[in-house]
Amino acid sequence: MRVSWITEDKHAESVVEYGTKAGEYSAKATGVYTSYQYFFYNSGKIHNVVIGPLQPGSTYFYRCGGSGPEFSFKTPPPRCPIEFVIVGDLGQTEWTASTLKHIDSSDYDVFLLPGDLSYADSQQPLWDSFGRLVEPYASKRPWMVTEGNHEIEIFPIIYPQGFQAYNARWPMPFQQSGSTSNLYYSFEVAGTHVIMLGSYTDFDSQSLQYTWLQSDLANIDRVKTPWVIVLLHAPWYNTNEAHQGEGESMRQAMEELLYEARVDLVFAGHVHAYERFTRIYDNKADSCGPMYVTIGDGGNREGLALMFKNPSSPLSLYREPSFGHGRLRILNETHAHWSWHRNNDADAVVADGVWIESLSSSKACSKTPYQQYAANEEL
């Protein structure tokens, strides 16, 4: 696990003490630190410490910098069942606070966020306030994120590359999956291979991301990890009036790779509403394609995307412009349950749910089209 925190004290140590009993720290790890400047803003000292190896399904107590408050987190289980919370476009509004409260009311193992975290939009103190807002939750469970358009923060000539604050504050384990960029990576947990793609870096067939994705998909062992899910920011399928077509070029570049690898689910943000599609490939229903879900309804300051196209597409099975969050509970190698929980004044109401069968367990989809063709040739 990587522990990240920020101090104003430039002399604070990048050290995490941890153990399995409250107040008793049997282990200690030292990490690295960084900082950045954005116009007249100077960040605090950003500490990053990787601790472990750790036991799965276990609670650890820890403190940062050799003093201060004690936190605790629980490591994910070694195998199924495992529960992911998935929500995009979080922001830091009253609706955000409501979403986080509803998420915290029921346990989960890993938090997945497909882009648009703080909505700082170059106002760097908003990155600090976002950190304070999510600390009670992000300190307890692993948060795995990818970037959205609000993380870009490009300023011509002075900051042409973008993502300076995002990369400094939210480093993900991209090197471990062979990626050369914090903007896309993958990891495995409890029988699930999770791929985080970058909608706002190059993705065409000549790009580093495309080449990396090809290699990452080719190396998945579906016996070890029968489930494969993908997260990205701009949706490839969308019947909302908002952000129409913004994920289309990425879909055209990469959709075939996901289809041939039998990816089970694709989650996107960007559109501030909830929408669940059937399994799709190339704009048509396909029982061997991924199930697509838009979950950009975390609670951001821009409000909801209220207008859906009419008539609805037969590919779209449920759509609603409300804030909420999703839960993917993977029960075993073959079955998972997806549910979307609508926010209201008091409770998170389960508004939509569906059982899902893994494509790796489907006899009809167990071979790629190329493999089926090759098998027929042998006959």
Side-chain angles (χ1 to χ4, degrees), residues 1-2 50 52-58 75-84 86 109-112 114 142 144-146 172-198 203 208-232 254-267 279 281 286-293 328-338 355-375 378:
M1 296 281 279
R2 181 196 300 270
V50 176
L54 306 174
Q55 293 298 313
S58 303
T75 54
R79 60 189 67 86
C80 301
I82 184 172
E83 184 157 327
F84 298 92
I86 306 174
D109 299 299
V110 180
F111 191 110
L112 303 177
M144 308 301 287
V145 306
T146 189
M172 294 289 118
F174 65 91
Q175 299 100 329
Q176 288 89 327
S177 62
S179 169
T180 57
S181 170
N182 193 49
L183 303 180
Y184 52 89
Y185 63 97
S186 69
F187 65 97
E188 293 187 349
V189 57
T192 308
H193 189 90
V194 183
I195 299 173
M196 299 292 219
L197 295 180
F203 47 69
L208 291 174
Q209 182 176 198
Y210 185 96
T211 302
W212 169 82
L213 178 60
Q214 269 187 314
S215 174
D216 189 74
L217 291 169
N219 289 323
I220 299 172
D221 181 351
R222 294 302 282 265
V223 175
K224 178 184 174 186
T225 50
W227 291 90
V228 180
I229 66 176
V230 169
L231 282 84
L232 47 86
M254 290 183 158
E255 184 181 25
E256 186 176 0
L257 293 180
L258 302 195
Y259 178 71
E260 290 185 351
R262 297 297 186 248
V263 168
D264 292 290
L265 297 113
V266 177
F267 295 96
R279 293 192 177 278
Y281 176 58
D286 190 313
S287 59
C288 296
M291 186 181 101
Y292 286 84
V293 177
L328 178 65
R329 183 165 180 81
I330 296 178
L331 275 300
N332 51 39
E333 293 79 6
T334 61
H335 286 83
H337 187 261
W338 165 255
W355 283 97
I356 306 160
E357 183 182 354
S358 64
L359 293 181
S360 65
S361 68
S362 168
K363 292 183 179 179
C365 304
S366 60
K367 295 180 180 180
T368 66
Y370 173 78
Q371 288 171 322
Q372 290 172 346
Y373 173 77
E378 288 170 11

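All of these numbers come straight from a predicted model, not from anything done at the bench. Quick note: numbers below take in every heavy atom, side chains included, and nothing from hydrogens, waters or symmetry partners.
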Visitor: So how far is it from T146 OG1 to I195 CD1, rounded to the nearest 0.5 Å?
Guide: 11.5 Å
Visitor: Using the side chain to side chain donor-acceptor pair (under 3.5 Å) definition, which of the options T225, D216, N219 pairs with H193?
Guide: D216
Visitor: For C80, enumerate each residue passing the disulfide (SG to SG under 2.5 Å) test, keeping only those at least two apart in sequence or located in another chain.
Guide: none
Visitor: Classify the ring geometry of W355 against H335: parallel below 30°, tilted from 30° to 60°, perpendicular beyond 60°.
Guide: perpendicular
Visitor: Is S58 reaching over with its side chain to a backbone N or O of P56, donor-acceptor style, under 3.5 angstrom?
Guide: yes
Visitor: Among residues at least two apart in sequence or on other chains, which ones pass ring-ring contact (aromatic ring centres under 6.0 Å, His included) with F187?
Guide: none
Visitor: Search all heavy atoms of L331 against all heavy atoms of H337 and return the closest pair with its distance.
Guide: CD2-N, 4.3 Å
Visitor: Between R329 and P81 (side chain of the first, backbone of the second, donor and acceptor by atom type, cut-off under 3.5 Å), is there such a pair?
Guide: no
Visitor: Could you pull out all residues at least two apart from F174 that satisfy side chain to side chain contact (heavy atoms under 4.5 Å, CB included)?
Guide: S179, N182, Y185
Visitor: For atom CD of E256, decide whether the heavy atoms of other residues, nucleotides or ligands shown that lie under 6.0 angstrom number more than 12.
Guide: no
Visitor: On a heavy-atom basis, which atom in V228 and which in V263 lie closest, and how many Å separate them?
Guide: O-CG1, 3.6 Å
Visitor: For the CD atom of E333 and the OG atom of S361, what is their distance to the nearest 0.5 Å?
Guide: 9.5 Å
Visitor: Would one find more than 12 heavy atoms of other residues, nucleotides or ligands at under 6.0 Å from atom CD of Q55?
Guide: no
Visitor: Would you say R279's side chain and D286's backbone share a donor-acceptor pair under 3.5 angstrom?
Guide: no
Visitor: Looking at every non-hydrogen atom in both residues, tell me the closest pair between F84 and I330 and how far apart they are.
Guide: CE1-CD1, 3.9 Å
Visitor: Which atom pair, heavy atoms only, marks the closest approach of I86 to W338?
Guide: CD1-CZ3, 4.0 Å
Visitor: Return yes when atom CZ of R2 has more than 12 non-hydrogen atoms of other residues, nucleotides or ligands closer than 6.0 Å, and no otherwise.
Guide: yes
Visitor: Are the side chains of I356 and M291 in touch, meaning some heavy atoms are under 4.5 Å apart?
Guide: yes
Visitor: When rounded to the nearest 0.5 angstrom, what is the spacing between CG in L359 and CZ in R222?
Guide: 6.5 Å
Visitor: Does any part of the side chain of L208, heavy atoms only, come nearer than 4.5 Å to the side chain of Y184, both counted from C-beta?
Guide: yes
Visitor: With side chains defined as the heavy atoms from C-beta onward, is the minimum distance between L257 and Y210 less than 4.5 Å?
Guide: yes
Visitor: Measure the shortest side-chain to side-chain distance between V230 and Y292 over non-hydrogen atoms and say whether it is less than 4.5 angstrom.
Guide: no
Visitor: Could you walk me through whether I82 and V189 pass the side chain to side chain contact (heavy atoms under 4.5 Å, CB included) check?
Guide: CA-CA 9 Å; I82 184 172; V189 57; 3.7 Å; yes
Visitor: So how far is it from T75 OG1 to D109 CG, rounded to the nearest 0.5 Å?
Guide: 9.0 Å
Visitor: Compare every heavy atom of Q209 with every heavy atom of G198, then report the nearest pair and how far apart it is.
Guide: N-OE1, 2.7 Å
Visitor: OG1 of T192 to NZ of K224: how many Å apart, nearest 0.5 Å?
Guide: 12.0 Å
Visitor: Do the side chains of M144 and P173 get nearer than 4.5 Å, heavy atoms only?
Guide: yes
Visitor: Please report the shortest heavy-atom distance between W227 and E357, naming the atom on each side.
Guide: CH2-C, 3.9 Å
Visitor: When you look at L217 and E260, which way does the side chain to side chain contact (heavy atoms under 4.5 Å, CB included) test go after all the steps?
Guide: CA-CA 9 Å; L217 291 169; E260 290 185 351; over 6 Å; no
Visitor: CD1/I229 to CZ/F267 distance, rounded to the nearest 0.5 angstrom?
Guide: 5.5 Å
